[in-house]
Each structure stands twice: as C-alpha cells, then as structure tokens.
Amino acid sequence: MQPQVEIQLIAAVVAVACALPGVFLVLRRMAMMSDAISHAILFGIVVAFLVVESLGSPFLVFGAALTGVLTVSMVEGLFKTRLVKEDAAIGLVFPVLFSIGVILISRFAGNVHLDIDAVLLGELAFAPFDRLMFNNHDLGPKALWVMGGILLLNIILIVLFFKELKLASFDEGLASALGFSPALIHYGLMSQVSLTAVGAFDAVGSILVVALMIGPPTSAYLLTDRLSRMLSISAAIGVISAVSGYWLAHWWDVNIAGSIATMIGLIFFLIYLFAPRRGVVALLRRRNYQRWHFAESMLAVHLLTHLGQPEEARECHRDEVHKHLNWQENHAKRVVRRALQDGYVHLDKDILRLTAIGKKLAGKAVVE
Amino acid sequence: MNGLNEKHKPPRDQAAIWVEDLTVAYQDKPVLWDVDLAIPKGVLMAIVGPNGAGKTTMIKAMLGLVDPVAGRVEVFGKPFREQRRLLGYVPQRTSVDWDFPTNVLDVVMMGRYGTLGWFRRPGKAEREKAMHALEKVAMDPYADRQISQLSGGQQQRVFLARALAQEAEVYLMDEPFQGVDATTERAIVDLLRELRKQGRTVVVVHHDLQTVPDYFDWVFLLNVRRIACGPVETFFTEENLRLAYGGRVAILGERKPIADDAKSL
Ligand SMILES: Nc1ncnc2c1ncn2[C@@H]1O[C@H](COP(=O)(O)OP(=O)(O)O)[C@@H](O)[C@H]1O
Ligand SMILES: [Mg+2]
C-alpha cells in the first residue's frame with residue numbers, strides 16, 4: 001500500500017474508534033472528561049514507557065489506559081467531597097498528571113521518539129514507517145493494527161451493551177433500580193475511552209483525540225433523533241473529516257492532525273447552520289413562517305368577524321384593513337399579498353373575502 | 001400517637017414494603033432519621049411533606065438507589081435486592097434529559113430491560129408489552145414520536161407507561177402530578193385506581209394537599225422523621241400536617257392562624 005493511502009486509512013480508523021464512545025460522552029454530558037483523559041494518559045504512557053522501554057508494547061497501552069480510569073476516579077473523588085465543582089475538579093486533576101508526564105519526558109526520555117510536539121499533535125505522517133513484521137513479512141503499519149483492534153473492540157462492546165449503555169445514559173436511576181449497575185457501566189465506558197485515547201494518542205496526539213471524540217457526535221446529534229443513527233452518522237463524519245483533513249494537509253503542507261481537527265470544526269459549523277430541522281437556518285425559517293402565519297390568521301379572524309356585516313365594505317377594504325387591525329400600512333399590504341398567494345382570501349371589488357380554507361384558518365385561530 | 005400508628009402496621013411478612021430504622025445522610029446531614037414504615041399490600045399511599053423533607057430520598061432508599069447509613073428495607077419479606085422485579089419506578093420527570101435521541105416506544109420498552117437482563121435485546125414481545133402500556137395511558141398514537149417533542153403531561157404519561165411495562169407489584173412514583181394538565185391528572189388518577197383494583201400497591205409522592213383525601217386511602221407524613229402513617233381518614237389531620245409542615249400551612253383551603261407551640265414539637 002502507498003504510505004498516502006495508509007495514512008488516510010489509519011486516520012479514518014482512529015476517527016471511527018474515537019467517535020463511537022464519544023457519542024456516549026456527549027450524551028452523558030461528559031465531553032470535558034475526554035479532555036482530561038486524553039491528556040492525563042501522557043503520565044501513564046511515560047511511566048509505562050520508562051518501565052518497558054518500548055512504545056509498541058501492549059503493556060504500555062493497558063498501563064496507560066489505567067491512568068485514564070484513575071483520572072476519572074480522582075475527579076469524581078474530589079467532586080464528591082463537595083468542596084470543588086466537577087469542572088474545577090477536572091481542571092485540577094489532568095494538568096497535574098499531564099505536566100508530570102511532560103517533566104518525565106524531558107528528564108528521562110528526551111532522546112527517544114517521545115517528544116512534546118508529538119504529544120499534542122501526534123505524528124500521523126510517520127505512522128506508516130513503524131511496521132508490524134512477522135517472520136520477515138511486512139503486515140502493514142503497527143498503528144493500523146493497534147487502532148483496528150481497538151475499533152473492533154469498541155464496536156463489539158457497543159453492540160453487546162447497546163441497551164445497557166442507552167438505559168444508563170438516559171436514566172441512571174432506573175438503570176440502577178432494574179439491577180444494571182450504572183457505576184459498572186460508567187467505568188466500563190471510561191476504560192473504553194481511555195484505551196481508545198491511548199491507542200489514538202501515538203498517531204494523532206491529544207488534541208485530535210478530543211476533537212474526534214466530541215466533534216462528530218455533536219454534529220450527528222443535530223442530524224438525528226435515534227441513538228443508533230447518531231452512532232453511524234458520527235462514524236461517517238469522522239471518516240469524512242479524516243480523509244478531507246488529510247488532503248487539506250497535503251495541499252497546504254501542514255500538520256495532518258491539525259487539518260483533521262479543522263475539518264471537524266468546519267463540518268460541525270456547516271451542520272450547525274444547515275441541519276434540516278435543528279440548524280440555525282431552519283430555525284430562522286420556521287420562525288419567519290410562524291410570524292407570517294400568525295399575521296395571516298389575525299387577518300382571517302378580522303375578516304370572519306365582519307363577514308356579511310353592514311360594515312364589511314369599510315372594515316375589509318384592501319386599503320383600509322390596516323387601520324382596523326392597527327398595523328403599519330406596508331406590513332398589512334405584505335400580509336394581504338401573502339394571504340392572496342396562499343389562497344386564504346380573494347378580492348371582490350377591492351373587498352377582501354375569505355375563501356373556504358381562509359375560513360378554516362380563522363376558525364382554527366379562534367379555537368386555539 | 002405512636003400507639004395509634006402501631007395498630008395500622010401490618011405484620012412484617014405481609015407488608016408490601018417494610019422499612020426499619022432507616023437513616024440516610026448526604027455527607028453529614030441526615031435527610032431521613034430513624035424512619036419506620038410498613039406499607040400494607042394493596043394501598044394507594046401518598047407521601048406528604050414539605051420541600052426537602054426527604055420524600056424523594058425515601059423513594060430512592062426503597063429502590064436501593066441511595067445507601068442508608070443505618071436501617072433496612074424489605075419488599076414482601078425479603079431484602080429489596082432480591083425483589084427488584086416487583087418494584088416499578090416512576091422518577092421525577094425532570095430527572096432525565098428529554099432531548100436524548102430516542103422515541104416514545106423505546107423509552108417505554110426500557111421498562112422491560114430488567115426482565116431481559118444483561119445482553120438480551122428487546123424483541124417483539126417487549127414491543128407488544130410496551131404498546132399495550134402506551135394504550136393504557138392513551139399515548140399509543142405517539143409511539144414513534146421523538147421524546148423531545150412531548151408536552152410535560154405527555155412526558156409524564158410515557159414515564160407511567162414505562163412503569164406499567166415493568167409489570168411490578170409495587171409502584172413508587174415521584175411527583176407524577178407535577179406540572180401536568182387537568183386531563184393528564186384525571187388519567188393518572190384513573191390509572192392509580194385501576195392498579196389498586198388489581199391489588200397492586202402504589203406509593204406516590206404528592207404535593208397537593210387538597211386532593212390527598214380524594215385520591216388516596218393511605219398517607220405517610222414525613223419531615224426527616226416519620227410524622228404519621230396510616231389510613232387517610234385517621235391520620236391526614238390538621239395536627240399531623242402542622243407537625244409535618246412546621247406550622248406554616250394552609251390546610252385544605254382554610255387558612256387558620258397556627259399556634260406557635262406547634263413548631264416546638
Ligand atoms: N445528592 C444529594 N446530595 C446532597 N444533598 C442532597 C442530595 N439529594 C438531596 N439532598 C438534600 O436532602 C434533602 C432531602 O431531599 P429530597 O429527598 O429531594 O426532599 P423532597 O423530595 O422531600 O423535596 C434536601 O435538603 C436536599 O437538599
Ligand atoms: Mg422530591
């Protein structure tokens with residue numbers, strides 16, 4: 001395989017592996033926890049590295065993932081004392097672990113493949129050079145195997161525990177009352193997030209881990225009302241960001257992870273604006289429609305009130321009606337034009353008369 | 001007063017729920033203090049008390065959602081942990097996020113998860129039971145509706161349907177009448193009465209004192225400590241209410257100046 005293709009493949013696999021547990025982080029309002037975990041694991045990675053002296057060992061991956069879970073329990077322990085708020089607890093715990101990690105690197109591991117730049121943004125461009133060899137056969141980039149394994153594990157866990165995750169995320173109390181331990185599910189999810197963060201860390205760094213875990217699910221949330229679809233849309237957005245981010249980096253000759261994070265932000269912004277039902281544009285449109293609809297209803301009620309009455313010619317004259325409704329003349333003209341277009345009224349020698357559907361509109365407005 | 005209470009206490013193994021010496025504290029602050037309670041099978045019981053009296057905590061303790069500092073809870077003569085299937089739970093409506101990406105039928109099916117246990121997925125049987133429960137609260141036309149599009153009353157009905165789907169013996173409901181319209185209130189009352197007719201036991205945290213004698217046959221007055229418990233006609237008295245509310249209550253519509261010494265009790 002071309003290194004180009006391999007990089008994109010790794011990026012896409014990392015994106016999906018992060019997006020899946022990220023969905024539950026977003027739904028459980030724990031987005032900040034991914035920030036904490038993805039930084040705090042540096043401490044675990046460095047310590048594990050100093051012990052086993054190899055970056056690729058599975059011991060390192062699990063050892064470092066343990067730090068993630070430890071971070072979560074430290075944050076929660078601190079929060080439970082009620083002396084600190086939860087966001088403050090997060091802000092206290094992970095910078096400490098992260099900076100101890102940074103100090104350890106510069107003190108003891110300065111001359112190896114762990115450096116501070118790579119910590120934040122990863123080294124996706126170099127990922128294809130670290131190959132997995134077996135009996136002198138080249139099996140492909142190591143990162144692809146590690147992340148592929150983690151992705152597979154994430155898919156299996158989410159499929160297996162879909163119902164439990166859904167219940168515990170929606171209603172922790174009921175989950176507990178029904179005998180599903182929410183604490184177990186919580187820590188299971190946190191382990192999954194930690195493991196994913198450690199695996200992805202080497203390739204894409206801690207910033208992108210956060211972006212990949214939170215960005216695609218938040219975008220997907222605006223597009224669907226079903227949890228299962230939210231998962232698949234998040235995965236798709238992750239892949240699109242990974243591939244388009246790669247090409248952006250390629251053309252501009254910049255850091256790949258940074259470009260992917262930029263694409264995630266851009267995609268979110270587009271969805272935020274143009275999501276069919278929840279987007280800003282749809283919202284404004286709906287509001288605009290409601291405003292006109294309300295004005296047309298008022299007009300219809302007014303016409304219905306004077307229908308067939310002696311004063312009708314005066315009250316319902318197209319050039320007079322604004323006085324009786326106490327509207328600006330221009331506004332009234334626009335409402336009349338719309339009502340004519342929508343078929344609620346017709347003109348009978350400059351007198352506005354309700355059509356059948358216009359009467360219905362007025363009737364509905366009165367009932368409401 | 002306690003002597004009178006004792007008379008209405010069912011024997012331990014016949015009580016639907018039996019609570020003994022229950023004390024619950026958050027940090028150092030006791031929220032429930034040495035509470036004894038025996039709920040006879042088949043009653044429709046209101047839990048009444050001022051804000052912060054520990055009513056929600058009481059329900060949660062009966063479901064094992066909070067760990068008591070002392071005391072124990074039994075359901076039909078056994079520790080509640082062995083009796084989870086028998087308990088149906090209607091949490092306060094505002095305790096969940098109604099923007100969660102799911103629909104009405106899905107939420108009601110959650111009532112079946114306990115019987116399903118780990119791993120097993122809901123199937124046709126669960127769907128049918130959930131639909132049946134939705135019919136009971138007249139929400140079946142909304143089965144496919146996204147939950148964020150429901151009104152407060154509809155949300156409450158969905159929660160009730162979910163509890164019905166649990167097919168429990170004892171229902172514990174936290175303020176099901178909170179913020180619902182008159183139609184829904186009527187529908188909930190009818191449902192509670194039907195459950196009682198079927199011999200189920202229903203425990204409801206209730207805020208509206210006016211309707212207690214009308215809706216319920218049993219009452220539990222609580223304010224950190226147990227104030228009184230028993231049939232409404234005997235125990236839902238002005239004196240007990242004064243004890244529970246600390247002298248600042250307008251009882252049953254009539255506003256009476258209340259003697260200061262009621263507080264000192
Ligand atoms: N998780 C909690 N941590 C600390 N204090 C709590 C917690 N939940 C409730 N409380 C306190 O316990 C007391 C009883 O609460 P609650 O059972 O909700 O009362 P009620 O439902 O009768 O209004 C209140 O003073 C409340 O502030
Ligand atoms: Mg309460």
Side-chain angles (χ1 to χ4, degrees), chain A residues 23-31 77 79-84 156-185 188 217-234 275-278 286, chain B residues 26-29 56 59-60 62-67 80-93 95-104 106-107 109-123 126 144-149 158-159 162-163 165-166 168 172 174:
Chain A
V23 165
F24 294 98
L25 287 178
V26 167
L27 290 177
R28 297 161 74 94
R29 296 166 193 246
M30 293 176 53
F79 172 57
K80 270 206 191 105
T81 63
R82 293 245 158 186
L83 298 174
V84 238
I156 291 173
L157 286 172
I158 287 176
V159 168
L160 221 51
F161 295 106
F162 184 74
K163 142 176 145 279
E164 288 78 8
L165 280 164
K166 180 164 66 178
L167 175 62
S169 302
F170 175 64
D171 191 343
E172 200 179 319
L174 184 71
S176 177
L178 292 179
F180 300 99
S181 162
L184 193 68
I185 293 169
T218 311
S219 308
Y221 183 74
L222 295 175
L223 291 176
T224 178
D225 289 338
R226 308 256 340 157
L227 180 55
S228 50
R229 258 175 248 159
M230 188 172 161
L231 285 160
S232 47
I233 295 173
S234 298
R277 266 195 18 231
R278 308 226 172 102
R286 205 152 51 228
Chain B
Y26 292 113
Q27 281 81 53
D28 295 337
K29 194 178 124 206
T56 297
I59 295 254
K60 286 189 173 168
M62 292 194 271
L63 286 158
L65 305 184
V66 293
D67 289 324
F80 68 86
R81 272 178 224 289
E82 296 165 28
Q83 304 279 51
R84 282 212 174 94
R85 293 292 134 68
L86 301 180
L87 297 175
Y89 180 32
V90 181
Q92 234 160 330
R93 181 161 57 82
S95 67
V96 302
D97 173 15
W98 289 94
D99 284 325
F100 196 87
T102 187
N103 65 17
V104 167
D106 225 32
V107 170
M109 275 202 287
M110 288 178 187
R112 302 300 309 159
Y113 285 9
T115 317
L116 281 172
W118 291 87
F119 303 116
R120 268 172 60 205
R121 302 189 148 230
E126 282 70 38
D144 292 326
R145 188 69 70 94
Q146 161 65 16
I147 58 169
S148 64
Q149 294 167 11
V158 169
F159 259 15
R162 187 177 72 173
Q166 283 186 257
L172 303 169
D174 202 345

- Beyond-backbone contact of A:Asp171 with B:Phe100, side-chain heavy atoms, under 4.5 angstrom: no
- Message: With a 4.5 angstrom heavy-atom cut-off, is it the side chain or the backbone of B:Val90 that approaches chain A, or both, or neither?
- Response: neither
- Option that, when pairs with chain B are counted at under 4.5 Å, heavy atom only, ranks first among A:Met230, A:Arg82, A:Lys80: A:Arg82
- Query: If you take all heavy atoms of B:Gly114 and A:Leu178, which pair is closest and at what distance?
  - Reply: N-CD1, 3.8 Å
- Message: Please rank B:Arg120, B:Lys60, B:Arg81, B:Arg85 by heavy-atom pairs under 4.5 Å with chain A and give me the top one.
- Response: B:Arg120
- Item | Side chain / backbone / both / neither for B:Phe159 at chain A, heavy atoms under 4.5 Å | side chain
- Counting only heavy atoms closer than 4.5 Å, note whether B:Gln92 contacts chain A via side chain, backbone, both or neither. neither
- Is the B:Phe119 ring parallel, tilted or perpendicular to the A:Phe161 ring (thresholds 30°, 60°)? tilted
- Item | Heavy-atom pair of closest approach, residues A:Ala177 and B:Leu63 | CB-CD2, 4.1 Å
- Item | Heavy-atom proximity to chain A below 4.5 Å, by part of B:Leu172 | neither
- Item | A:Leu167 side chain near B:Met109 side chain, heavy-atom distance below 4.5 Å | no
- Message: I'd like to know if the side chain of A:Lys163 reaches the main chain of B:Met110, judged simply by a donor and an acceptor atom lying under 3.5 Å from each other, with no hydrogens or angles considered.
- Response: no
- Query: Any side-chain heavy atom of A:Phe170 sitting closer than 4.5 Å to one from B:Asp106?
  - Reply: no
- Can you name the nearest heavy-atom pair linking B:Gly64 to A:Ser176, along with the distance? O-OG, 4.5 Å
- Message: With heavy-atom distances below 4.5 Å as the criterion, would you say the side chains of B:Pro101 and A:Thr224 are in contact?
- Response: no
- Task: Begin with the C-alpha distance, continue with both residues' side-chain angles, and end with the deciding distance and a verdict on side-chain contact (heavy atoms from CB on, under 4.5 Å) for A:Asp225 and B:Arg145.
- Result: CA-CA 10 Å; A:Asp225 289 338; B:Arg145 188 69 70 94; over 6 Å; no
